[in-house]
Amino acid sequence: MLGEKEIHMSKTFNTSADCHPQLHYMVDLTERLEQAKEMVDAGAYFTMNRARQYGKTTMLQALGEFLKAEYVVVSLDFQMMSAAKFQNEHAFSVAFARNFIKAVEMENTVDSHLLEELKYAVKEESGSLELPELFEYLSGFCAVSPRRVVLFIDEVDSASNYQVFLDFLAQLRGYYISRRKVPAFWSVILAGVYDIKNMRSKLRPGQEHKVNSPWNIAADFLIDMSFSEKEIAGMLQEYEADVHTGMNICQMAGLLYAYTSGYPYLVSRLCKLIDEQVAKDAEFSEKSSAWTEQGFLKAVRILLAEPNTLFDSLIHKLEDYPELERMLRDLLFQGKEPAYVIGVRSVETALMFGFVEKSGGMIRIANRIFEMLLYHLFLAAPKMQEEVLYRVALKDRNVFVENGCLNMTLVLERFVMHFDDLYGDQGQRFYEEDGRRYFMLFLKPIINGQGNCYVEAQTRNQERTDLIVDYHGERFVVEMKIWYGKARHVQGERQLAEYLEHYHLRKGYLIMFNFNKSKEKGVKEVVFEDKILVEAVV
């Protein structure tokens with residue numbers, strides 16, 4: 001049997017199933033667990049609803065351990081129940097009862113006789129065990145339990161297409177709201193992507209009337225489950241104490257947070273890639289060189305090129321919800337950040353599945369990784385790659401790289417030449433709605449596989465976009481603006497200079513989409529204060 005020290009030294013970054021502090025590098029969940037316990041102590045019924053792979057199962061398992069001293073915790077996983085168990089009330093009730101008995105006996109210290117009646121009912125399997133009888137037995141268990149009973153159900157989404165599950169929720173609601181008169185679960189926690197209050201959106205037309213509205217009792221789940229930069233640093237400190245890479249922990253935590261906004265899967269996956277793949281790459285001699293900004297950007301490229309369950313889920317959602325794809329395209333390419341208005345289907349869907357977040361009453365892409373993924377998807381569409389601009393960039397892509405370095409000035413020169421030839425007479429509306437998209441389309445085959453780009457959220461609007469391009473560890477800031485006169489142009493130059501200062505860069509790039517017929521097209525280099533700006537007029 002391994003000793004405590006040996007177990008500790010074998011820890012890894014985990015991105016599959018739930019995490020355990022004895023086996024995996026994790027952020028400290030204590031504060032979240034204390035907040036969740038306050039909700040349980042108050043007898044709340046709520047859904048721990050977050051996007052896919054947001055740490056819900058890990059949180060649920062940790063919360064169960066956290067509560068055991070004061071509660072009887074019964075933790076079930078509906079993903080473990082086959083579709084056959086949801087075909088009718090009897091099949092569901094028997095399956096639920098068996099899982100309930102197993103969970104109680106495995107995870108709690110209670111006298112076995114407390115479950116005898118339920119065991120007997122399951123053993124008989126006479127066909128009479130249906131939802132009303134099941135809840136009578138469950139109520140009886142809660143009545144004799146030495147401590148209040150808390151029910152956890154994980155992966156609740158997997159059952160939400162079945163009518164028997166909706167009937168189960170209705171029964172659960174009835175007992176829950178009457179629990180001060182009739183023994184019942186003290187607190188109920190469901191975990192899934194859908195909130196119990198919007199789970200009705202999964203019902204097929206005509207089904208909703210079958211349910212006695214189980215939606216209106218759920219408490220809001222406001223606990224932030226994303227990782228803060230400080231929490232990421234704490235996890236890296238634990239790793240560093242074991243591995244001794246000599247990394248700059250503050251820098252690495254800052255990069256991880258900047259690109260992921262603390263999305264748990266993305267943080268852990270990037271760390272795992274650096275630790276297990278980048279460190280073995282010929283470009284990086286050892287882990288000390290892998291845990292650097294260059295190694296981090298390499299991990300980002302690997303992540304965006306690999307198939308994984310999170311990205312697969314996001315892509316499927318785009319296929320299932322066309323209005324979601326349209327909204328995201330407008331947001332990315334046209335700077336149309338919609339205001340958050342309750343009830344707008346595309347926005348609510350994007351929030352629920354984790355594509356976007358609310359910020360100051362507006363909607364923006366949730367993190368840089370998702371933004372880069374979406375750019376890859378949208379620009380890789382066959383329709384986009386049929387564009388002449390994409391094909392000319394693909395044909396000449398090798399001329400833009402010299403000794404492994406990207407010649408961004410040449411990129412701008414060729415873009416101006418080809419864009420003007422192909423689209424120069426399209427007019428103002430085309431420039432505003434498609435100009436930026438076409439520059440990114442032109443850029444994609446040039447940096448494909450070797451670099452990535454994203455738009456700084458705070459600069460994305462219909463007048464200005466700062467595109468950040470990372471290529472082989474070198475960073476380029478390209479600002480794209482619509483021409484609205486000389487004064488606004490100077491303002492744009494100042495904004496770009498300030499942004500270059502933020503990134504500790506001396507040279508930046510400005511693309512001006514000008515619909516005036518008298519414009520002077522071309523690329524020139526100007527000095528603005530202590531910065532060099534390469535300005536292209538299209």
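Keep in mind it's a predicted model, so treat the numbers as computed, not measured. Residue numbers start at 1 and run along the sequence shown.
For the side chain to side chain donor-acceptor pair (under 3.5 Å) test, residues two or more places apart in sequence or in another chain that qualify with D154 are T57. With sequence neighbours excluded, the residues satisfying ring-ring contact (aromatic ring centres under 6.0 Å, His included) with Y259 are F296, Y454. S228 meets the side-chain contact (heavy atoms from CB on, under 4.5 Å) test with K230, E231; sequence neighbours excluded.
Electrostatic pairing of D530 and R506 does not count as a salt bridge here, judged by no charged N lying under 4.0 Å from a carboxylate O. Ion pairing of R391 with E386 is absent here, as no side-chain N (NZ or NE/NH1/NH2) approaches a carboxylate O to less than 4.0 Å. Of the charged side-chain nitrogens involved, at least one lies within less than 4.0 Å of a carboxylate oxygen, so that E155 and R52 count as a salt-bridged pair. D242 has no carboxylate O lying under 4.0 Å from a charged side-chain N of K11, or vice versa, which leaves the two without a salt bridge. Ion pair E325/R329 flagged as a salt bridge, since at least one NZ, NE, NH1 or NH2 atom sits closer than 4.0 Å to an Asp/Glu carboxylate oxygen. Using a cut-off of 4.0 Å between Lys/Arg side-chain N and Asp/Glu carboxylate O, K531 and E501 are scored as salt-bridged.
Listed here is the closest heavy atom pair of S226 and P264: CA-CD, 4.5 Å. Nearest heavy atom pair, residue Y471 against residue C405, reads CE2-C, 4.5 Å. Shortest non-hydrogen contact noted between L256 and T260 is O-OG1, 2.6 Å. Nearest heavy atom pair, residue E306 against residue L273, reads OE1-CD2, 4.1 Å. Nearest heavy-atom pair, V523 versus A536, reported as atom, atom and distance to 0.1 Å: CG2-CB, 3.8 Å. Closest of all the heavy-atom pairs between A219 and M39 is CB-CE, 4.3 Å.
Residues V416 and V537 form no side-chain contact, since every pair of their non-hydrogen atoms from C-beta on lies 4.5 Å or further apart. Side-chain contact between L412 and L510: absent, with no pair of heavy atoms (C-beta onward) separated by less than 4.5 Å. Side chains of V341 and V347 form no contact here, defined as non-hydrogen atoms less than 4.5 Å apart. Side-chain contact between L379 and L443 is absent, with no heavy-atom pair separated by less than 4.5 Å. The shortest side-chain heavy-atom distance between Y509 and F476 falls under the 4.5 Å cut-off. Contact check for S158 versus V156: no side-chain heavy atoms found under the 4.5 Å cut-off. Looking only at side-chain heavy atoms (C-beta outward), F355 and L324 come within less than 4.5 Å of each other. In this structure, L266 and L310 have side chains that are in contact, with non-hydrogen atoms separated by less than 4.5 Å.
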- Please test Y263 against F370 for ring pair (Phe, Tyr, Trp, His ring centres under 6.0 Å), starting from the C-alpha separation and ending with a verdict. CA-CA 10 Å; Y263 198 113; F370 284 2; 5.3 Å; yes

- Task: Please test H489 against E535 for side-chain hydrogen bond (donor to acceptor under 3.5 Å, both in side chains), starting from the C-alpha separation and ending with a verdict.
- Result: CA-CA 11 Å; H489 178 71; E535 299 188 356; 3.2 Å; yes

- Just do the ring pair (Phe, Tyr, Trp, His ring centres under 6.0 Å) check on Y503 and Y499 with the steps written out, would you? CA-CA 6 Å; Y503 274 107; Y499 214 64; 5.3 Å; yes

- Please step through side-chain hydrogen bond (donor to acceptor under 3.5 Å, both in side chains) for the pair Q294 and T292, ending with a clear verdict. CA-CA 5 Å; Q294 187 174 358; T292 59; 5.5 Å; no

- Quick one: do T245 and E240 satisfy side-chain hydrogen bond (donor to acceptor under 3.5 Å, both in side chains)? Show the steps, please. CA-CA 6 Å; T245 68; E240 183 66 10; 2.6 Å; yes

- Go through the steps to decide whether L394 and K444 satisfy the test side chain to side chain contact (heavy atoms under 4.5 Å, CB included), and finish with yes or no. CA-CA 9 Å; L394 182 65; K444 178 175 171 54; over 6 Å; no

- side chain to side chain contact (heavy atoms under 4.5 Å, CB included) between V477 and L496, intermediate numbers included: CA-CA 8 Å; V477 178; L496 177 57; 3.6 Å; yes

- Could you check F221 against Q35 for side chain to side chain contact (heavy atoms under 4.5 Å, CB included), going step by step and ending with a plain yes or no? CA-CA 10 Å; F221 181 70; Q35 292 174 345; over 6 Å; no

- Could you give me the CA-CA distance, side-chain angles and deciding distance for H376 and N452, then say whether side-chain hydrogen bond (donor to acceptor under 3.5 Å, both in side chains) is met? CA-CA 9 Å; H376 286 332; N452 285 301; 3.1 Å; yes

- Query: Checking ring pair (Phe, Tyr, Trp, His ring centres under 6.0 Å) for the pair F333/Y375: CA distance, chi angles, key distance, verdict?
  - Reply: CA-CA 9 Å; F333 293 119; Y375 279 133; 5.5 Å; yes

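Atom CD of E525 sits in a crowded spot, with more than 12 heavy atoms from other residues, nucleotides or ligands closer than 6.0 Å. No more than 12 heavy-atom neighbours from other residues, nucleotides or ligands sit within 6.0 angstrom of CD on E31.
Residue F46 holds its CZ atom at 5.0 Å from CE of M48, rounded to the nearest 0.5 Å. If you take CZ on R488 and CH2 on W483, they are separated by 11.0 Å, rounding to the nearest 0.5 Å. Atoms CE and SG, on M440 and C453 in that order, are 4.0 Å from each other to the nearest 0.5 Å. Distance CG/L332 to CE/M372: 12.0 Å, rounded to 0.5 Å. Atoms NZ and CG, on K56 and D18 in that order, are 12.5 Å from each other to the nearest 0.5 Å. From I249, atom CD1 reaches atom CD of Q237 across 4.5 Å, with rounding to the nearest 0.5 Å.
Here the two rings, on F513 and F439, have centers that are 6.0 Å apart or farther. Aromatic rings from F13 and Y239 are positioned such that their centres are separated by under 6.0 Å.
Side chain of D157 to main chain of V193: a donor-acceptor pair is present (N/O by atom type, distance under 3.5 Å, no hydrogens or angles). A donor-acceptor pair under 3.5 Å is formed between the side chain of E371 and the backbone N or O of V455.
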